[in-house]
Structure formats: structure tokens, C-alpha cells
Amino acid sequence: MLDKTYRPDEVEERQYARWEAADAFSAKLDPAKEPFTVMIPPPNVTGSLHMGHALNNTIQDILVRFQRMQGRDVLWQPGTDHAGIATQMVVERQLAEEGIELDRGLPLARGNSRHIGREEFIERVWAWREESGGTILKQLRRLGATCDWKRERFTMDEGLSEAVLKVFVALYREKLIYRDKRLVNWDPRFHTAISDLEVEQKEVNGLLWHFRYPIGGSGAEGAGRFIIVATTRPETMLGDTAVAVHPEDARYQDLIGAYAVLPLVGRRIPIVADDYADPEQGSGAVKITPAHDFNDFEVGKRHGLEMVNVFDRDAHMNDTVPEAYRGLDRFEARRRVVADLEALGLVEKIDDHRHTVPHGDRSGVPIEPYLTDQWYVDAATMAKPAIEAVETGKTVFVPKQWEKTYFEWMRNIQPWCISRQLWWGHQVPAWYGPDGEVFVAHDAGEAAGLAEAHYGKAVELTRDSDVLDTWFSSALWPFSTLGWPEETEAVKRYYPGDVLVTGFDIIFFWVARMMMSGLHFMDQVPFHTVYIHALVRDEKGQKMSKSKGNVMDPLDLIGKFGADAVRFTLTALAAQGRDVRLAESRIEGYRNFCTKIWNAARFNEMNDCRYAADFDPAANSQRVNRWIVSQLVQVEPKVRRAIEDYRFNEAAQALYQFVWHTYCDWYLEFAKPQLQGEDAAAQAETRATALWVLHQALFLLHPIMPFLTEELWQQTGEGDASLMTLSAWPKFDDGLTDAEADAALNWVVRMIGQIRAVRSEMNVPPGARIALIVNEASGDSRARIGDHEALIKTLARVETLAFDQAVPSGSVQDVLDECTLVLPLAEVIDLAQERARLNKEVDKLNGEITKLDKKLSNAQFLAKAPEEVVAEQRERLADSQQAMSKLQSALERLASA
RNA sequence: GGGCGUAUAGCUCAGCGGGAGAGCGCCUCGUUGACAUCGAGGAGGUCCCUGGUUCAAUCCCAGGUACGCCCACCA
């Protein structure tokens, strides 16, 4: 017996365990089946499940469950990402609580008692990972995700690290990885370089300071002349090595080639002519700090300027600046510089200024352009095949518009800075000789060999201490997880993958880089389709964030409404090209849908509908049964195609409509008289059909709502022996569609709906003696009414139903398609209201008739519109006119009454 | 500055070159043995504006307005 209500909390855990016990999720390496591969976007090992993950993985799970049911050999590859900075932060914070900090050659911070070195730190990270890493993968199970957990990978695993090593060395030898000294985005909080993508531009209210730099040199010297420069970053003036003016700027012609004396520092800095200086901007003169500004860096290179780096890695002032400023934090230095210049009378003015400041996306602090040696990938070269692959359709984006975003970025791609000054990550496989000569190799032994060949003797080597950007290893995910560089069966079978499901925010970070590395090392695109889904926002369209307090926790929602309700909601809202605005009321609505399905199953159970493996719907004789089967058969391709085309919301919509509004609202009502009637054959057929149709619908629902459907299949279907998760998608014979039953019962449905509407609008009391008289109806309609008289009487609460009878006087009539609804006058409560209602109908029809008349009297329309459209419009006009005449006579009767 | 997207019922959103839809909310009625986490019915919309293409435009095109997002940025 089914419980009174569906209890997801009790069912979900049990069913998930059954699936795992049956090994339902594992890739089978089965050569008889066509493979289907989905690579999970590996969540950060530090992460926990948020709504974005819930959407992302619901979609993937729908796809893989659907494909398994289609008979494919599915690999859904799970795993986590070591998330360099994020993880290091987490563990560092934990260590700090124990009074431990990393030995970075700096004194201990207050409150801390000891330093630890790199090795010990890395041990601590692994220990942390053992204990609390990867909780998100456990959370994915609660969502119902059917990843192949036995194949779980971690980007710091031995195998994946091997892939990273091989890729780095290979790219270095192909000169696609190189070392360079240039400005990088430096994060002063984490003391590391970050890539362009990890920099977030934030708009802030700042100030624009205008400084007066005294002109030095023979000519203008002593004349007390100044050149005015403006800056948003006063502290960097300590590193100025020039002032630039536009070569054609008339104001400064005599100063080009002269020099200014840098206040506070006393350095003589040249005044150079460079197009970079915009005469329209401020004074037209601009201070040049080549070591701390990307534009200035270029100017510096053009003019051979000195590059003075004024910061240490904490963004404190270093020893290149005058004593008074050394060791100051950059913001403190700013205040001091401004104050000192003010004291010297060198501040021309200070304006309010709104501008953007680059911030580290993880640290949240302003980043500094900083001159260091780093490792770079020649992304522009690697991007070329990746661009071509999308241009030629080897990989397609869904929705297609994202290809434009991809192209835009890939065609303007900059060198990718891949080295990070962190400890947690893949250490750069480079060793340096005593003179700084670099040897890139797979291991220390190979490096030693290279060094010996270079120097002619054995030398001591020092390994590069940097680690690689986390995304460097993620970029290899589609093949490194399969065992590459080993030539495994899995690599051969599951690469290239089929579809990658991800959010647009990750196109640059990950998708683009997988494309580049996949094409380079595997000669094939890593996936044929990239499905880009929306961002999950709150119901007001705001991005969910902890600071706004509008975060919805998927686990809470699963606890409250069940995983299936959450999954179905996300699916129903996941229309292409639009953000998902998630309101709890929506989930509640779909939780009710779960309940509805459950109750439909209970109805079957209570009516002795028993599962029969050999039931053949084609043998049905009852029209209502042929009808519901026909309706079901028409839903299946809608659902299948919607999933195949990534239109998940349409699949959800079609299923919701069918199960609730066709099966429950109408079919089960139609079935009741047969289930409770005397005709044993009809009863048996209806019992079997009701349950069979429900089961088929459960199969169609299964990829979206796996738990509920599995539970009902177990309880009302084949029982313990069979798992829906391992079963095939239903395949229906075309012969099961039944045009005759469709036409008849769809007509009956409409008729009952209309009678109910009239009853309701006329406020007809429940027991009223309402009659339906059929006079001018066509043969079809007469047959339909005759065949389903009992249903119409019961469901529309009609007392008598008669053919070819005069409408009795003293009654009110209404028009329903081809029939007349008759109601004794005494039963009508409000004649005026009924008159108003009929008049409103007349107005509506009048409008319709006028419109159609006009259209059909337009010669152009008749000449150019397709025949069937013209015919259809004619038919509509005829229908409207007929209805109108009946309405008129109904009104006349009402008037004379 | 460049690119992309969105504008349809009170709200959240589907949809479509030829009769404006759903869910939620709202109103009315309903405790008939699956389900009140329910059933029946209803109200509610110049489909953002202007122009163009077309026999026909909410839909296609152009321009505009508003909002959102991404990328790059002025010292």
C-alpha cells in the first residue's frame, strides 16, 4: 500500500542506495553500445552546493539519465578541482587559528607562534582534503546525480598531475610556454600574480590629484615653471621616470627634451613626446610610472625609460623610495605623499573622480600592476585551431549566440599568465642553474641531465617554486580524467565527449582553454556541444550573494520540498537564453505536482489496477482507453525532442500538462464509471490501461524526477526486481495514435468544459434540472454525445439529455457548439446577469466576424495567402456566424421570458 | 568605448508570419471515496515606442527608449 502522501525524505536516500548497489551509474566500456560522455565541471574542492550547481547538475543528470535510457554507454565523469587560491586560503585560515603561518620570509604576525614550510603546508592541505574536501560531491548525490563515482578524479591526483607535467614540458619545448618579465596583475594580499580573467573592475568614488612638477634643466630652470600632471594614485609618483606630452601639443613644444624634477624624490625625469598623452585630458601632460601601469609600461619601453618598482610583494613601499616612505603600506604612503606635496605647495587641485579600480576576484583587494618574471602560455597561437573548430561547427554552442562571445575573446586573446606564487598546486617543472639558466623537464633527473649537457658538468639546480594556475589543469580535464597520457581504453572510448554543460561565466576560464588543449594534444575537440545555461537569480532578478542575504540553499530546498520538486522547478525554468529567477512558490507548485502524481498512483492502487507485463494497449476497445493511450503516444516525441534539443523547459511543460491536466483531470474521471461499473471486460481493460499509461508517463518523467518515479515503479510496477533507472525509454508503436478517439473525446472534453462554464457563470445551483438538447448537430457530434452520454451527464451534471426535441417555452437556453443547453426559467437566478453575459459573447463574436469578413473580402489575401489558410478563415467565419445566430435566438428567448 | 541579451496578464515567464498562452497571485463556487499539497469556473493584456517589409506583424527588418550582463578603459 502506498502511503497517504509522498515522503521524499524517506524515499530519496533509499532509492539512491538501490541505484548505487545496482551499479547503475558506471561507464560500462561496452563496445556494443554507443558511448555518451559528459564531463562534470569540477567544483572547487572547498565548495558546497549552491543553486548554480543544482541547475548545472540537474541538467547534466537529465541528459545522462535520458541517454542511458536510450541505450547509450554513459560516462558522467565526476571530480573536484584543487582550486589553488581558494583552498590555500581555507587551510591558511585554519592554520592561523592554531597560531601557525606560512614561512614566506616575513616575521610572524602578531598572535602566531610558528612558521611552517612548504612541505608541511602541503601535507596539511591533503589532510584537510581527506577530512572535509569534496563534500559537494556528496551533496550532488542528494540531488540525484548519477555520476560514475568510481571514476572520481581530483586535479591534484597523481594521474592528472602527470598529465599537467607532460603538457607543460611539451608546450615549453614547442615554445608555446615561455618565461617573461613584464607587468602582471599582482595580488598584494595573496602575494601572487593572477591572470587577466581573475581581475574584476570595480567602480569606485575616488579622487583625482593634480600635482605640479617643477621644470628643471638650464632653459626653463629658475623660471619657476611647473608642469601639471594628474593621477588617481599619488603613491606611484615615487616611481615616476618621465612626464609625457603629445608631440603636437603646442603648449609643451619647448619642454620636450627638457626634464622635470620629481618632487619628494629629487629624480630628474625627462619630458618625452608620446602619442599616448591625450591633449584633451587634464593638462595634456601625464606622469609615467612604467613599473606600475600597463600603459606607462609601453611608453617606458618606447622611450627606454628606467623602470622603478616602488612596491614589495605586500604592496608596501620598498627601498627605492626616500627613507620617509619606506615600509609604508600603499594607502598610508598615498596619504603621506599627498600631505607632503601639499606642504610643498605642489598640489594644484583635487577633484572628485569616479573611476574603475582593478580588484582581485578572490582577495577583494586592489591589484597592482607589478613587474615580475612569470610563465606564460602563447594563447594566441593555441587559440587559432580552437576558433576554427567553432567556425566550422565541430563544436557548437547552444544557444548559438555564445559563439560570438567565444570568438570575441579568442580573437583578442592575450598571453595567459599561468604561474602563481602559491604553494598549493602543480609546481612548475623548471629548474635553474647557478646563472639562472632554465631547464624544463619531467623530473629533477632529466633536468640535471639537461643542465650537465649545457654546462659540461654537473651543477646544483634549484626548482622553480611557483605553481600553475588551477585552470591549467582544468583545461586538461576532458582527457586527463580518462587516464591520458596513458593510452587507456577509456581515452579511446570516451574522448571526445558529447556535451559540456556550464554557465556563461566559465566560457573563458574553462571552455576556451579545454578547446585549446584538447585540440592541441588530442587533435579533436573535447566535446561537440557546449550547452550554456542561465544564471540562477532570486525572484527579483538579483544575483544570489551572501552579502545580500538572498541565497537559497538547494539542500534546504531539497529537505523542504524533495529533490524531484527542486529538479523539476529548475528544469521548468531553464529556458534557453534567459536567467532563472527562482521563487520558492514555484518549487511549492511543483512539489504539489509530485503529490498529484503520487495520488494518481494511489487511485490506481485503490481501484485494483495491477501491473501486467504482457499488457497490449493496441488491443484496447474502449474509446476512453484508446484516447489516453493516443494522447500519451503524442507526448513522448515532444519530451524526447525537447531533451535532445536542450529545451528542457518544454519537456517539463509537456509532461506537467499531460500528467496533471490530461491524465488526472480528464482520463481518471472518464475511467471512474468503467472502473466501478458492471462490465467486467471494460473494467479489466481500464484497470490495465490506467496503470500502464501512468507507468509510461513515469518513464518519461524519470530523467527529471528520478526518485518519485523510481519509488512508484517499485511499489506499483515490477517491484524490487526492476530498476527504472536501468530501464529503456518507452518506444510506442505509431499505430497507437487514434485520430477517431482523439477527435471524439477532445470534443467531449470541450463540451463538458463549456457546460461547466455556463453553469458556473449562471450561478446554476448544484441540483438544478439542466438539460442538453441536441437538434442541429452533425452526425459526428450526435454520435459522440450518444456514446458518452453518461460521462457528460456526470461530469457536467446534466440531468437530461435529449435529441431532436423542441426547446420548451419558459426556459433559458445557451449555445454550446452544436447543442443547446436548456434550463427551466425558475432555476435561473439572475436573468439580467445572463443577458449581460450573452451580450458580451455577441460583442466578441461581432468583432471576430468583422475581422474575418474584411480579410476574406480582400482580393490580395485571397490571391496570395495559402489555400489552407483561406479555407481555415472561411471555416472560422462560418462557425462564428452560426454561433452568432444561436446566440441571437437565445437572447430573444430570454427577452420574451 | 565595444559586444550581447531582454521588454507579452498583478508577479515570474513560455510562445508564434494567419484565432494572445502557462504557473503563481486574485475573485466566485465546491468536504460526490486518489488528491484541500485538491476540484470547477472567472476576471485581467495598445504583446515597449516609431517606421519599414508583407495579402497579413506581437513575431521579420531598421531606428529609438528602458533595463540587465560581458569585455575593454582616460591619466
Side-chain angles (χ1 to χ4, degrees), chain A residues 2 4-6 196-197 201 208-210 229-233 244 276-278 280-289 293-296 353 355-356 399 401-402 404-405 407-409 412 504-505 507-508 535 537 539-541 543 561 565 569 572-573 575 577-583 585-586 588-607 647 649-650 653 656-657 661 664-665 668-669 672 676 752-753 756-761 763-766 794-797 848 851-852 855 858-866 868-870 872-873 876 879-880:
Chain A
L2 291 169
K4 177 112 172 99
T5 51
Y6 174 53
D196 298 345
L197 285 176
Q201 301 290 341
L208 186 62
W209 288 269
H210 299 256
V229 294
T231 182
T232 56
R233 312 217 30 214
Y276 167 67
D278 178 1
E280 306 294 313
Q281 193 78 33
S283 67
V286 57
K287 69 193 259 317
I288 300 297
T289 321
D293 181 283
F294 289 98
N295 288 312
D296 292 4
H353 188 61
H355 63 132
T356 55
Q401 77 234 22
W402 291 109
K404 189 150 185 169
T405 305
F407 286 139
E408 200 64 34
W409 190 71
N412 297 297
F504 63 82
D505 50 334
I507 292 176
F508 305 147
L535 224 61
R537 299 171 178 278
E539 55 194 310
K540 296 188 194 102
K543 220 167 171 168
F561 300 109
T569 307
L573 293 176
R578 201 186 258 275
D579 285 344
V580 173
R581 293 196 190 191
L582 190 62
S585 61
R586 236 13 226 268
E588 198 180 332
Y590 291 119
R591 187 272 321 268
N592 295 352
F593 182 47
C594 295
T595 308
K596 188 76 182 176
I597 298 168
W598 186 261
N599 279 307
R602 284 183 69 221
F603 174 86
N604 275 269
E605 192 178 53
M606 293 166 89
N607 282 283
R647 291 177 285 113
N649 58 320
E650 289 182 27
Q653 167 89 23
Y656 186 92
Q657 177 68 31
H661 294 124
C664 292
D665 285 351
L668 291 185
E669 294 304 324
K672 278 175 186 172
Q676 288 145 19
I752 293 171
R756 283 170 170 175
V758 172
R759 285 193 73 104
S760 179
E761 282 170 43
N763 283 321
V764 177
T794 312
L795 295 178
R797 284 179 297 169
E848 178 84 3
K851 212 168 105 187
L852 289 167
K855 198 182 253 187
N858 180 346
Q860 293 281 0
F861 172 69
L862 297 176
K864 294 191 178 172
E868 58 273 19
V869 170
V870 176
E872 193 195 321
Q873 304 290 312
R876 269 173 53 200
D879 288 350
S880 300

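Residues satisfying the side-chain contact (heavy atoms from CB on, under 4.5 Å) test with A:R233, not counting sequence neighbours, are A:T231, A:E235, A:T236, A:F311, A:R334, A:E368, A:P369. Looking at residues two or more places apart in sequence or on another chain, you find a side-chain contact (heavy atoms from CB on, under 4.5 Å) between A:Q676 and A:N607, A:K672. For the side-chain hydrogen bond (donor to acceptor under 3.5 Å, both in side chains) test, no residue two or more places apart in sequence or in another chain qualifies with A:R759.
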Is there any protein nitrogen or oxygen under 3.5 Å from a nitrogen or oxygen in nucleotides 53-57 of chain B, and what are the pairs?
{"unit_1": "B:rC55", "atom_1": "OP1", "unit_2": "A:K864", "atom_2": "NZ", "d": "2.3"}
{"unit_1": "B:rC55", "atom_1": "O2'", "unit_2": "A:N858", "atom_2": "ND2", "d": "3.1"}

What's touching nucleotides 27-33 of chain B from the protein side, N or O pairs under 3.5 Å?
none

Quiz item: Under a 3.5 Å cutoff on both atom distances, Watson-Crick or G-U, what's the dot-bracket for RNA chain B ([ ] crossing, | other strand)?
Solution: (((((((..((((....[..)))).(((((.......))))).....(((((..]....))))))))))))....
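Judged purely by atom type and a 3.5 angstrom limit, A:R756 uses its side chain to pair as donor or acceptor with the backbone of A:L795.
Within 4.0 Å (heavy atoms only), A:C594 reaches no atom of the nucleic acid at all. As judged by a 4.0 angstrom heavy-atom cut-off over every strand, A:N412 is placed among residues making no nucleic acid contact. Using a 4.0 Å heavy-atom cutoff across all strands shown, A:R586 reaches at least one base atom of the nucleic acid. Residue contacts for A:K596: at a heavy-atom cut-off of 4.0 Å it reaches a base atom on one of the strands shown. Across all strands, A:R602 comes closer than 4.0 Å only to sugar-phosphate atoms, never to a base (heavy-atom distances). Within the 4.0 angstrom heavy-atom criterion, only backbone atoms of the sugar-phosphate kind lie near A:A230; the bases stay farther away.
Rounded to whole angstrom, the span from the CG atom of A:N649 across to the C1' atom of B:rG23 amounts to 13 Å. In this structure, A:H355 atom NE2 and B:rG1 atom P are separated by 19 Å, rounded to whole Å.
Checking B:rG3, B:rC74, B:rG19 against the side-chain heavy atoms of A:Q281 singles out B:rC74 as nearest.
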